Amino acid sequence: MKDLQDNDWELEQERVNSVVHEVDKKIAKLQKNTGRVSSDVLEIRKTFWEDVTVNLDEPDDVIETAASIKQQAELLSERERTHSQLDRTLKTLDKLKFSPYFGRIDFWEDGEKSTDQVYLGIASLMDEQDENFLIYDWRAPISSLYYDYSPGPAHYQTPEGTIYGEMELKRQFIIRFSEIKGMFDTGVTIGDEMLQEVLGNNASTQMKSIVATIQREQNAIIRNERSKLLIVQGVAGSGKTSAAMQRVAYLLYRYRGTLKSENILLFSPNPLFNSYVATVLPELGEENMQQSTFQEYLNQRLGREFDVEDPFNQIEYLLSAKDNEHYQSRLNGIRFKASLEFKRLIDEYATRLSNQGLIFKDISFRGNVLISKKEIHDYFYTLNTNFSIPNRMQLLMGWLKKELKKWVKREQSRSWVEEEIQYLEKEDYLEVYKKLQEKKRFMENSFDDFEQEQKLLAEMVVKEKFKPIFAAVKNLKFINLPLIYLGLFNKENNPEELPLMWDTICSQTKAQLSSMVIPYEDATPYVYLQDLIEGRKSNSSIRHIFIDEAQDYTPFQFAFIKMLFPYSKVTLLGDFNQAIFSGATGMQSVFADFQSEEGEVETFVLTKTYRSTKEIVEFTREFIENGDKIEPFNRSGIKPSLNVVESNLLNKQVLEKIKELQTRHRTIAVICRTGEESKRVNDALKEDVPLHFIEKGTTSYESGVSVIPSYLSKGIEFDAVILYDSSQYQKENDRKLFYTVCTRAMHELHLFATDGISPLMVDVPKNTYVING
């Protein structure tokens, strides 16, 4: 693949050899240091206590001992950090040795006498004297020229200002095992040859870094530092998630002194997706940011008290229970509880609760009520109403602790305490004896040891028994939150505009919460009301939040997340055409109020798709509104196929298609509409072909053949997709789900149908797919 003069090729290969030689020298030097630091760590661990002065005789000695331990621990921690840093650097150098760089630009800066040759790679590399850059990190300010300009006038931003000049050359490399495999001079952002080489490969089970193929519009997203809120609306396969991961890497590089990976949080759609993107940042030499799903947050808040429904159970119900008599009322409830109108209803309710209506629980001990819910209620409403509810709860907590301390004293003389004393361990007696000895040292008058001992033992027994009660009070467990939340659904709290079937929605909600089950649509409103009553649990350490598949969040959830992370910048990534959850209404409507409030909002729209072949894109874009605006990358393949089969032959024909696809692809997905159907298909086929059954708890997927429900396939790509019984996608509200599953395919898409062509395909031109059967 020698597109340039042989002389150019040889000169560039010589430079690669020279750089690799420099990398080898740095690796050798670092390995010596790593060995030395590693032995230091082992030595400190081995001799930790030998080098610590331990003396606990006098108070001063205790302080000195603590300082000695702290000093030794800090030394060990510093050596371990150094070792970890050296290890990371070695891994980066190994990657540079394999493929030192992927691009070169020759830039003549205005006012300078000569041209700078800038080679771009995944990390910077200096020469032996540490004076000149052999490779520039792709995130360095000057590197943005490569992504943003063709040869000609160009400029880039630095912290000191804008640098202007002329780009004289832009060259791209494909280097593998230190050898140039491809080299192109290009006049466009990133040459098609480079993308073809990357996109033509088989899908991986983990997302790869895209630094060599970042497009101009993606680069603007990656390097954006201005916006408080960044919205990326990107069609399926447009690289929005990849751009987001590189954006995290860029921010960690740009603010290296002040921003760490633990200050960044990614809310991803499911645990499987977390695994899928987990290698991108380490590949670039960065530590992974915090990753979570919104469901994990809800479980953490509610999981001890409730069985918390997740969004996948909710969508499973919506996809499979359409004949259920409560289906429509549940759907109406999901949509209403997702809205900002429901949030306003809760805000108004909380304002009324300031004056009346809060419900508390009795505080009991050994079957007796110590402080009744009425006493707690009455005391709370004597407190100054100018204070917020959370502030009054803190005052109430203080009062309850005082009252409980009185009860601790009263209980010490009860007969049950004497019985408990008889069953104490020997260690408890010794502890009391030591306390008595201490008291004797500081008291002149002698006293009855036995009486004092019994008194101390009684105090110890009662305090131990009261510990859980004090802990519950500290955690505000005396508030009856389930009943307070259900109060929202009483007639006096009816919303001004009642959603259809409101009475049924209310009775369904009460029935679920009474069984200690919290439906997914109630989880966020419940936690929000809890925070209005107990105090907001905001997080100031998170400075950047990334939300992927943002179109599946509800307006209420977005408002709540904004409240949880008040000081964070937010990057939203999504596609309106893939909004498959019923409560979601799209990112634009969600953030209409945010935009008017903040004024620091920027939206990027990505319409070019790189994942699928041109033929798959031309077929799938017909399913959706404004699909004609989706622009396929020019990579050809075979047309999607629609295979019409008898239902009793469906599994047999799907199996034949799997075996055929296995001869040319590494990752194949059989996508079923529901989890229940996925399980049936997996059970039916697993004897004939090895399968990976993916369900909501699956944390990683492997190469081979996966059977997966439609709603878990979002955000992931496969070499080939088999859509199991596409004739089930019948209604208009199935359209986005149908589009989503078909756009998972990179190279081949095969639809099977047992009941004729799906009504959603009626307007799809016949020349975009092949019909078999």
Side-chain angles (χ1 to χ4, degrees), residues 295 307-339 342 489 498-515 517-523 552 554 578-585 623 644-651 654 670-684 693-696 707-714 723-742 751-762:
Q295 180 66 25
D307 179 3
V308 188
E309 184 190 40
D310 59 46
F312 309 117
N313 277 4
Q314 187 194 74
I315 196 171
E316 185 76 16
Y317 172 85
L318 293 172
L319 289 173
S320 59
K322 289 188 176 176
D323 297 331
N324 186 299
E325 59 175 313
H326 301 301
Y327 183 85
Q328 194 55 50
S329 57
R330 171 93 198 263
L331 185 59
N332 293 354
I334 287 169
R335 287 176 177 161
F336 180 65
K337 290 170 183 175
S339 68
F342 189 52
F489 301 93
L498 285 173
L500 290 171
M501 310 172 95
W502 176 243
D503 287 344
T504 313
I505 292 167
C506 291
S507 58
Q508 280 178 345
T509 307
K510 287 178 179 179
Q512 288 279 66
L513 263 77
S514 301
S515 316
V517 174
I518 192 155
Y520 183 64
E521 61 268 26
D522 286 287
D552 288 335
T554 69
Q578 296 181 65
I580 65 172
F581 291 92
S582 292
T585 56
F623 300 165
V644 182
V645 300
E646 298 289 328
S647 57
N648 61 325
L649 297 174
L650 177 58
N651 285 347
V654 165
V670 180
I671 302 182
C672 303
R673 193 160 180 273
T674 65
E676 197 180 314
E677 184 180 67
S678 299
K679 188 170 187 327
R680 277 202 314 273
V681 171
N682 181 69
D683 290 345
F693 176 47
I694 294 177
E695 48 195 334
K696 65 180 183 182
V707 179
I708 184 169
S710 55
Y711 48 83
L712 286 181
S713 66
K714 286 166 66 69
L723 187 53
Y724 189 88
D725 205 357
S726 62
S727 50
Q728 293 181 76
Y729 298 81
Q730 291 273 326
K731 303 262 173 71
E732 196 51 39
N733 58 10
D734 286 331
R735 184 174 291 281
K736 288 180 176 178
L737 187 60
F738 192 40
Y739 169 76
T740 300
V741 293
C742 289
L751 288 71
F752 284 79
T754 60
D755 192 20
I757 296 176
S758 161
L760 301 177
M761 284 179 61
V762 167

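Residue indices begin at 1 and follow the sequence shown. These figures come from a predicted structure and were not determined experimentally.
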Can you confirm whether Asn313 sits close enough to Lys696 that some side-chain heavy atom of one is under 4.5 Å from a side-chain heavy atom of the other?
yes

OH (Tyr317) and CD1 (Ile334) are apart, to the nearest 0.5 Å, by 8.0 Å

side-chain contact (heavy atoms from CB on, under 4.5 Å) between Ser710 and Thr740, intermediate numbers included
CA-CA 8 Å; Ser710 55; Thr740 300; over 6 Å; no

Ser758 and Phe738: which non-hydrogen atoms are nearest, and at how many Å?
OG-CE2, 4.5 Å

So do Arg673 and Asp734 actually touch side chain to side chain, heavy atoms under 4.5 Å?
yes

Could you check if a side-chain atom of Leu500 sits within less than 4.5 angstrom of a side-chain atom of Gln328, using non-hydrogen atoms only?
no

Thr754 backbone acceptor or donor facing Asp725 side chain under 3.5 Å
yes

Can you give me the closest heavy-atom contact between Gly675 and Pro709, atom names plus distance?
N-CB, 3.7 Å

Under 3.5 Å, is there a donor-acceptor pair between the side chain of Glu521 and the main chain of Gly333?
no

Does any non-hydrogen side-chain atom of Ile505 lie less than 4.5 Å from one of Lys337?
yes

So which atom in Ala579 and which in Asp552 form the shortest heavy-atom distance, rounded to 0.1 Å?
CA-OD1, 3.5 Å

Could you grab the distance from atom CG of Leu737 to atom CD of Gln578, nearest 0.5 Å is fine?
10.0 Å

Any donor-acceptor N or O pair under 3.5 Å, side chains Glu309, Gln512
no

Carboxylate-amine/guanidinium proximity below 4.0 Å for Lys679 and Glu695:
no

Spacing of Tyr724 atom OH and Thr674 atom OG1 [to the nearest 0.5 Å]:
10.5 Å

The reported gap from OG in Ser678 to CG in Asp683 (rounded to nearest 0.5 angstrom) is 10.5 Å

From CG (Leu319) to SG (Cys672), nearest 0.5 Å
12.0 Å

Close side-chain approach of Arg330 to Pro519, heavy-atom, < 4.5 Å
yes

Check this for me: Gln730, atom CD, are more than 12 non-hydrogen atoms of other residues, nucleotides or ligands nearer than 6.0 Å?
yes

Test log, rule side-chain contact (heavy atoms from CB on, under 4.5 Å), inputs Leu760 and Lys731:
CA-CA 8 Å; Leu760 301 177; Lys731 303 262 173 71; over 6 Å; no

As an exercise, state the distance from CG of Asn332 to OG1 of Thr504, rounded to the nearest 0.5 Å.
9.0 Å

Heavy-atom distance under 4.5 Å between the side chains of Val670 and Ile708, does that happen here?
no

If we only count heavy atoms from C-beta on, is the Leu318 to Leu331 side-chain gap below 4.5 Å?
yes

Taking the six-membered ring of Phe623 as reference, does the cationic atom of Arg735 (NZ for Lys, CZ for Arg) lie under 6.0 Å from its centre and within 45° of its axis?
no

Quick one: do Tyr711 and Ile671 satisfy side-chain contact (heavy atoms from CB on, under 4.5 Å)? Show the steps, please.
CA-CA 9 Å; Tyr711 48 83; Ile671 302 182; over 6 Å; no

Which atom of Cys742 lies closest to which atom of Leu723, heavy atoms considered:
SG-CD2, 3.9 Å

What one should report as the nearest heavy-atom pair of Ser329 and Gln508 is OG-NE2, 3.0 Å

